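Input: a single structure, listed below in structure tokens.
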Amino acid sequence: MNKKLIKILIGIGCFVIVIVVGSIFFFKNLISLKGDEVVQVALNSNYEEKGAKTNFIDDDNIKITGEVNNKKVGTYKIKYEVKFLGIKVDKYRTVEVVDREAPELTLKGGETVNVCGDAKYEEEGYTATDAYDGDLTDKVKIEEKDNIIFYTVEDKSGNKTTVRRYINRDDKEAPKLTLVGSETDSVVLNSKYSDPGYKVSDNCSEKVDVKVEGKVDTSKVGSYTLTYTATDGVGNTTTVKRYVKVTNNTNKCVIYLTFDDGPSKTSTPKILEILKKKNVKATFFVINHSSSLDYLIKQEYNEGHTVALHSYTHNYKTVYSSKTAFYNDLEKIQDKVEKLTGVKQMITRFPGGSSNTVSRNYQKGIMSELTKEMKEKGYHYFDWNVSSGDAGGAKTSNDVYKNVTKGISTKRSNNVVLMHDFENNNKTVNALERIIDYGLAKGCRFDKIDMTTPMVTHGVNN
Ligand code: ZN
């Protein structure tokens, strides 16, 4: 072959290559998409056709086919086609219609619910709907953790919705615990004591635990306390007590001598001396006096008497100005007595008695409220049913004697005698021994008030 021919052949070869490559390049670039090759369109939003362009001929020659249903999740193809010199050239765009909208989950009942104690939360219901998948209520998954309920639902496209419900287990209400039978009870020595029991209920818990502590030893005369404690599911407790006296006394008549307003330097020692001589126990409703008389309170206690609470100030205006003032006063004398005797005393007597009318001047209705509340707080308040008159009408020891002996009923198991322990109360001091002799002669027993003593109370007048 000659060199010339080779050159021609190379020339032709090059020409063919240029033509082929050029054609490929030309047709490949004849049409191109505007915008991305793959586009996503949210369900129900419009697909915007951006079209295509051609680089060598008029764009109007591009034929677009294919449809996008924006109401239906799926993949759609759009075809762009152009013809040139009888050759068809096409390009495709992929359009994905996707559901990006999460289902809607609605709770019935509150977002925060109160559940009693340890009780189970009763599901109040919910609904779940998805704009695309429709009702998904059946697909809701429920999980409870740390008192939060999680409701989760997922649609077919994987969109999730979680809603929370908060359980508030705050049970602040303590169980209701009441005694069957009397709060104060008695039983004769060496007989059998049977506890009449209690009733218990709770706002929440079905199971309330009740413990009874204490025992009544009927082989031994004395005062016994039974303590009932009810505990609900979250630990709220209520305690009530029953006071039981074991007595060897078959006499019906019991006399409780009570001395108010002491101690006093001149009268208390004399009263104590007589009581000791007659081996009689009594009850002193004390008020606050100079600490130089504290030894008398200690002596009353040490000699076996009951030191009970009357008032700190005994000032009606102060004590009955408000309930707060009343309790402040009461707690002050309670603290003082506790310091001197070691006993947190719950036996009280209202200044003027619960039937007083003087409190009307300071606070209307205060006695009605206090008498109710005091019982609820566990206090036992005592009025009296025998009055000696030693703070008023009685002028002589004979008057005191007559008033008391007239007032005592031998048929009564709770003669509560009101007397006073103020300075130089000689009429009472001088009548005391005779009164005791009278009671003993009538077959009565003298006793001090304790928590087992049934309350003696007046009607309230304010
Ligand atoms: Zn008084």
Side-chain angles (χ1 to χ4, degrees), residues 256-268 270-272 275 282-290 293-294 296-297 300-301 305-321 323 325-337 340-341 345-363 366-367 370-371 374 379-395 399-400 403-404 407 415-429 431-432 435 448-449 453 455-462:
Y256 298 92
L257 298 176
T258 70
F259 299 92
D260 285 12
D261 304 351
S264 64
K265 196 173 167 34
T266 50
S267 303
T268 310
K270 291 177 188 162
I271 293 168
L272 285 173
L275 293 174
T283 304
F284 293 86
F285 287 97
V286 300
I287 64 174
N288 181 53
H289 286 286
S290 155
L293 299 184
D294 285 354
L296 289 168
I297 289 182
E300 287 165 359
Y301 178 75
H305 306 291
T306 294
V307 178
L309 317 175
H310 192 25
S311 168
Y312 193 81
T313 61
H314 208 297
N315 182 321
Y316 294 132
K317 194 182 167 183
T318 305
V319 172
Y320 294 131
S321 63
K323 286 201 285 183
F326 174 83
Y327 288 118
N328 281 342
D329 177 275
L330 181 69
E331 281 159 20
K332 269 164 89 178
I333 191 67
Q334 188 180 42
D335 287 348
K336 178 167 180 169
V337 167
L340 295 172
T341 67
Q345 188 54 273
M346 297 298 284
I347 297 167
T348 72
R349 174 173 283 161
F350 289 105
S354 68
S355 56
N356 79 77
T357 52
V358 67
S359 58
R360 287 181 195 158
N361 302 331
Y362 311 110
Q363 178 87 262
I366 192 168
M367 296 316 298
L370 287 176
T371 48
M374 288 284 276
Y379 287 100
H380 287 191
Y381 70 87
F382 284 82
D383 288 311
W384 56 89
N385 47 28
V386 180
S387 179
S388 68
D390 67 350
K395 296 279 179 272
D399 291 345
V400 171
N403 286 340
V404 172
N415 292 281
V416 177
V417 182
L418 171 67
M419 295 184 284
H420 289 85
D421 176 14
F422 47 72
E423 295 295 349
N424 304 309
N425 187 9
N426 293 322
K427 51 188 182 299
T428 294
V429 169
L432 185 57
I435 289 169
K448 62 180 174 183
I449 291 174
T453 310
M455 278 165 67
V456 169
T457 58
H458 293 165
V460 169
N461 294 311
N462 174 30

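Given the structure is predicted, the values throughout are model-derived calculations rather than measurements. Excluded from the calculations below are hydrogen atoms, water molecules and symmetry mates; all remaining heavy atoms, backbone and side chain alike, are included. Counting convention: from 1, in listed order, for ligands and their atoms alike.
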Trace of the side chain to side chain contact (heavy atoms under 4.5 Å, CB included) decision for Phe350 with His458: CA-CA 11 Å; Phe350 289 105; His458 293 165; over 6 Å; no
Polar contact flag, side-chain donor to acceptor under 3.5 angstrom, Asn461-Thr357: no
Under 3.5 Å donor-acceptor, Asn462 side chain and Gln363 backbone: yes
Residues Asn288, Lys336; criterion side-chain hydrogen bond (donor to acceptor under 3.5 Å, both in side chains); working and verdict: CA-CA 8 Å; Asn288 181 53; Lys336 178 167 180 169; 2.7 Å; yes
Side-chain donor-acceptor contact under 3.5 Å, Thr313 with Asn315: no
Donor-acceptor under 3.5 Å (His310 side chain, Ile333 main chain): no
Nearby protein N/O/S atoms (those under 2.8 Å) for the Zn ion (ligand 1), with water ignored: Asp261 OD1, His310 NE2, His314 NE2
